[in-house]
Structures are given as C-alpha cells and as structure tokens.
Amino acid sequence: MMNDTFLRALLRQKCEYTPIWLMRQAGRYLPEYRATREKAGSFLKLAMNPDLACEVTLQPIERFNLDAAILFSDILMVPDAMGLGLEFVTGEGPQFANPVQSEEDVNRLRVPDMESLNYVFDSVRLIRKELDGRVPLIGFAGSPWTIACYMVEGRGSKEYRQIKSMMYSRPDLMHRVLDISAQATAKYLIEQMRAGAQALMIFDSWGGVLAHGYYQESSLKYMKQVLDALREAMVAEGTKVPVIAFTKGGGLWLEDMVVAGFDALGLDWTVSLSEARKRVEDKVALQGNLDPMALFADEKSVRSQARKILDDFGSVGFGGHIFNLGHGISQFTDTEIVAALVDEVHEYSKSKHL
C-alpha cells in the first residue's frame with residue numbers, strides 16, 4: 001500500500017506520525033456529497049448504489065490527506081435485510097415500518113441471507129479497486145445492541161423505553177433479538193472482509209445508555225460473539241483484519257473491552273487518552289477523541305485542540321493512536337477547518353516521533 005500508517009497504528013507497530021480519519025467523513029458537510037445525494041434521489045438509493053456509494057466514499061479522500069477511507073453505508077442495512085422495512089423520513093431520521101416489539105415479532109426474526117446485502121459487498125469491491133492502494137478501507141457494522149435499539153424502538157430514541165422494558169421484563173426475548181443480530185452482524189462483516197475491507201469497526205452507538213452489568217451482558221457479550229466469529233473466519237482463511245470497537249459513553253468499561261480481545265478501542269471526548277492508556281496498559285490501540293463541536297472554533301483553536309489530544313496520548317509509536325473525533329462530524333462543519341485539522345495532526349505528530 002502507498003499509505004498503511006492507519007493499519008500499522010491499529011496493530012501498534014512503528015509509525016512516523018499519527019494517522020487520522022473522521023467518523024462520518026463522507027457526509028453532508030461536503031458540497032460534493034450533497035450533489036451526489038441529490039443525484040441519487042434519497043439516502044437509501046445512494047447507499048444501495050455501488051457506483052454512487054464508491055463515489056462518496058472517495059470524496060473526502062480526494063479532498064483531504066486522510067489515512068483511511070470508510071465504506072459509505074448505514075448500520076441499519078442489516079435489520080432492513082431482516083424485513084423490517086427501513087425508510088429515512090425527512091426531519092425525523094430512520095424508521096422501521098415493522099418494529100420488533102412482541103413475542104411473535106421476535107419469533108419471526110431470522111438471520112438474513114447475505115445475498116440481500118450484495119450491494120454493500122459490491123461497493124466494497126469497487127471502492128478497493130478505485131482506491132488502488134492509496135489508503136486502507138474500513139468496513140463496519142452496528143453493534144448487536146445498537147441495531148436492536150432501532151429494531152425494537154422502531155426509530156431513534158431518547159428514553160429507550162421499548163427496548164429497556166423488554167430487557168428488564170422479558171430478558172429471554174431480548175437475548176434472542178441480540179443473538180440473531182450478532183449472528184447476522186458477524187456474517188455481514190465476514191463478507192465485507194472477503195470483499196476487501198482491510199479493517200473492521202463495530203459502532204456501539206447506544207451501549208453507553210446501559211446500566212453497569214447490563215452493558216456487559218447486553219452489549220459487550222454480543223460484540224465479543226461477533227469478534228469471535230470474525231477471528232474464526234480469519235484463521236480459516238489465513239488472514240488478519242484489525243477490529244475496532246467503539247462504545248459511545250463507554251469509558252467506564254475500557255478494561256472489560258480489552259479483555260474481549262479487540263485490536264483497538266474508540267473513545268469519545270469524555271475520556272482522557274493518557275488515563276485510558278494507563279487503564280488498558282497499551283494492550284490495544286486507541287482511536288479518538290476530539291469533540292466534533294471543537295471544529296466550530298477558529299483555525300488557531302482547532303490546531304491547539306488537536307495538539308492537546310496528541311499530547312494527551314503521548315509519543316507516536318507507543319501503544320498505537322489513531323486520531324479521530326469522539327463521534328461523527330457535523331454537517332455544518334467548514335471544510336477548511338477539516339483540512340487544517342488533518343494538517344495539524346500530521347505535522348505536529350511528526351515532531352513527537354520517537
């Protein structure tokens with residue numbers, strides 16, 4: 001590869017600088033993305049068209065000196081393939097026409113045929129071809145708990161009343177939903193790997209809403225189930241693809257996540273990188289963790305904030321650090337500020353090289 005710094009950082013190998021990519025880097029803050037989405041007609045049509053998904057995946061790579069590309073898709077493609085009827089409602093976000101809320105709904109759930117998701121795997125193959133070795137490609141999926149939240153609630157939620165009611169009153173149903181989601185997610189990520197994804201990330205966007213103990217039993221347990229299936233497939237196929245787990249709001253449970261066996265852990269902005277390194281004892285790489293709202297300051301401040309993150313982690317090459325935001329980039333972010341952030345991370349981290 002022309003630039004494998006991201007992969008080396010994930011595996012805690014020697015790096016000359018700290019690599020950077022951004023969650024949701026192919027998105028509405030880019031004018032070229034907005035133009036492509038308008039051409040597609042809708043978000044779903046964009047995500048389900050391999051040619052257009054490839055186009056928007058490459059847009060931030062063409063514009064910025066980023067160290068990794070991430071597949072353009074959505075974490076809800078897996079439950080959509082289960083027949084839940086996904087649609088994106090303007091101003092309201094994703095919704096399912098057939099949420100999983102009764103015992104009958106749960107009993108009808110099945111792991112989907114991966115052929116129904118071929119458009120995703122076709123996108124991966126096309127993106128790898130078009131990247132032509134410039135930077136690695138990240139594949140991804142939602143965690144079983146996170147996609148279950150959408151499946152049971154039927155949409156995004158602030159209270160998680162439906163799914164937590166199921167979790168507390170009918171744990172048997174809840175664990176069946178999570179087990180099926182984990183099986184489906186594992187198959188989905190294995191197929192992305194086979195199609196050419198060079199790293200994999202599990203987005204546990206809603207793991208942080210769980211109580212202690214329930215996080216371990218309802219979220220981490222099923223992410224580990226996915227990871228174990230991935231590792232088994234890698235051994236069988238003689239390959240090694242690093243796996244990143246990111247639980248937003250999960251800073252309390254870093255030690256548990258290390259034991260699960262991931263190669264890297266994503267952190268949100270509530271966690272100190274230096275403290276996290278001490279807690280995980282440099283057994284895993286760390287990814288993060290600038291607050292996305294910091295990008296609404298002026299360039300001088302953004303560069304200063306980037307340096308604080310890099311200083312907090314410490315010297316390049318010790319433990320492995322991938323610079324990222326603590327969550328997805330806002331659609332209102334100035335592209336010039338993003339360019340300055342990427343430049344500062346690269347240039348300042350080179351000065352910290354051992």
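Below, each value reflects all heavy atoms present in this structure, side chains not excepted, and no hydrogens, waters or symmetry copies.
- Ring geometry for His346 versus Tyr17: interplanar angle over 60°, hence perpendicular rather than tilted (30 to 60°).
- A pairwise comparison of heavy atoms in Phe246 and Gly326 identifies CZ-O, 3.1 Å as the closest pair.
- Side chain to side chain, Asn3 and Asp67 meet the donor-acceptor criterion of an N or O pair below 3.5 Å.
- Between Arg231 and Asp228 no salt bridge is recorded (no basic side-chain N to carboxylate O distance below 4.0 Å).
- Pro292 meets the side chain to side chain contact (heavy atoms under 4.5 Å, CB included) test with Trp269, Leu325, His327; sequence neighbours excluded.
- Scanning all heavy atoms of the two residues, the minimum distance from Phe296 to Ser330 falls at CZ-OG, 3.4 Å.
- You'll find the side chain of Val120 reaches within 4.5 Å of the side chain of Leu71, heavy atoms only.
- Between Met167 and Trp145 the shortest side-chain heavy-atom distance falls below 4.5 Å.
- Side-chain N/O atoms of Gln198 and Asp4 include no donor and acceptor closer than 3.5 Å.
- Contact record, Ser349 with Thr18: OG-N, 2.9 Å, taken as the closest heavy-atom pair.
- Put simply, the side chain of Tyr33 reaches to within 4.5 Å of the side chain of Leu46, judged on heavy atoms.
- Sparse packing is recorded around CZ of Arg28, with 12 or fewer heavy atoms of other residues, nucleotides or ligands lying under 6.0 Å away.
- Checking side-chain atoms of Ser169 against main-chain N and O of Ser165 turns up a donor-acceptor pair under 3.5 Å.
- Between Phe323 and Phe313, the ring centre distance reaches or exceeds 6.0 Å.
- With rounding to the nearest 0.5 Å, the separation of CG in Asp312 from CD in Glu275 is 8.0 Å.
- Using a cut-off of 4.0 Å between Lys/Arg side-chain N and Asp/Glu carboxylate O, Glu255 and Lys283 are scored as not salt-bridged.
- For the pair Thr247/Met223, a side-chain contact is recorded, criterion being any heavy-atom separation below 4.5 Å from C-beta on.
- A donor-acceptor distance shorter than 3.5 angstrom exists from the side chain of Thr185 to the backbone of Ser181, with no hydrogens or angles considered.
- Phe121 has its side chain within reach of Gln192: a pair of non-hydrogen atoms, C-beta onward, lies under 4.5 Å apart.
- Counting only distance, with no hydrogens or angles, the side chain of Asp113 and the backbone of Ser116 share no donor-acceptor pair below 3.5 Å.
- Heavy-atom neighbours of Lys45 NZ from other residues, nucleotides or ligands within 6.0 Å: at or below the threshold of 12.
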Next item on the list: Could you check Arg303 against Glu347 for salt bridge (Lys or Arg N to Asp or Glu O under 4.0 Å), going step by step and ending with a plain yes or no?
Entry: CA-CA 11 Å; Arg303 288 181 180 272; Glu347 294 307 311; over 6 Å; no
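- Judged by distance alone, with hydrogens and angles left aside, the side-chain atoms of Asp263 form a donor-acceptor pair with the main-chain N or O of Val243 at under 3.5 Å.
- Using a 4.5 Å cut-off on side-chain heavy atoms (C-beta onward), Asp343 and Asn65 make no contact.
- Salt bridge present: Glu103 and Arg170 bring a charged side-chain N and a carboxylate O closer than 4.0 Å.
- Remark: the backbone N or O of Thr36 is not paired with any side-chain donor or acceptor of Gln59 at under 3.5 angstrom.
- Proximity of Thr270 to Lys248: side-chain heavy atoms (C-beta onward) are nowhere separated by under 4.5 Å.
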Next item on the list: Would you check, one step at a time, whether the test side chain to side chain contact (heavy atoms under 4.5 Å, CB included) holds for Leu265 with Gln287?
Entry: CA-CA 6 Å; Leu265 302 178; Gln287 180 174 278; over 6 Å; no
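- Side chain of Ser157 to main chain of Tyr160: a donor-acceptor pair is present (N/O by atom type, distance under 3.5 Å, no hydrogens or angles).
- Between Thr146 and Asp204, the side chains place a donor N or O and an acceptor N or O closer than 3.5 Å (distance only, hydrogens not considered).
- Using a 4.0 Å cut-off between charged nitrogen and carboxylate oxygen, Arg37 and Glu32 do not count as a salt-bridge pair.
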Give every donor-acceptor pair under 3.5 Å between a side-chain atom in residues 132-142 and any protein atom, sequence neighbours left out.
| unit_1 | atom_1 | unit_2 | atom_2 | d |
| --- | --- | --- | --- | --- |
| Arg134 | NE | Leu131 | O | 3.1 |
| Arg134 | NH1 | Glu62 | OE2 | 3.0 |
| Arg134 | NH2 | Glu130 | O | 3.1 |

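- Nearest heavy atoms, Pro31 versus Arg63: CG-NH2, 3.6 Å.
- Under the 4.0 Å criterion applied to side-chain N and carboxylate O atoms, Arg12 and Asp282 are not assigned as salt-bridge partners.
- For the residue pair Ser102 / Asp105, a side-chain donor-acceptor distance below 3.5 Å is found, with atom types taken as modelled.
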Note to self: Set out, in order, the CA-CA distance, both residues' side-chain angles and the distance that settles side chain to side chain donor-acceptor pair (under 3.5 Å) for Asp179 and Gln225, then state yes or no.
What the structure shows: CA-CA 9 Å; Asp179 179 60; Gln225 181 177 326; 3.1 Å; yes
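- A salt bridge between Arg108 and Glu104 is absent, with no side-chain N of the basic residue lying under 4.0 Å from a carboxylate O of the acidic one.
- Ion pairing between Arg307 and Asp311 fails under the 4.0 Å rule for side-chain N and carboxylate O.
- Annotation for Trp21 and Met201: closest pair CZ2-SD, 3.7 Å, computed over non-hydrogen atoms.
- When atom types are taken as modelled, the side chain of Glu153 and the backbone of Arg161 share a donor-acceptor pair closer than 3.5 angstrom.
- Under a cut-off of 6.0 angstrom, the local environment of NZ in Lys164 is crowded, with over 12 non-hydrogen atoms contributed by other residues, nucleotides or ligands.
- Proximity of a side-chain donor or acceptor of Asn289 to a complementary backbone N or O of Asp268 within less than 3.5 Å is detected.
- Under the 3.5 Å distance criterion, with hydrogens and angles disregarded, no donor-acceptor pair is assigned to the side chains of Ser42 and Glu87.
- Here the shortest heavy-atom pairing between Ala47 and Tyr119 reads O-CD1, 3.8 Å.
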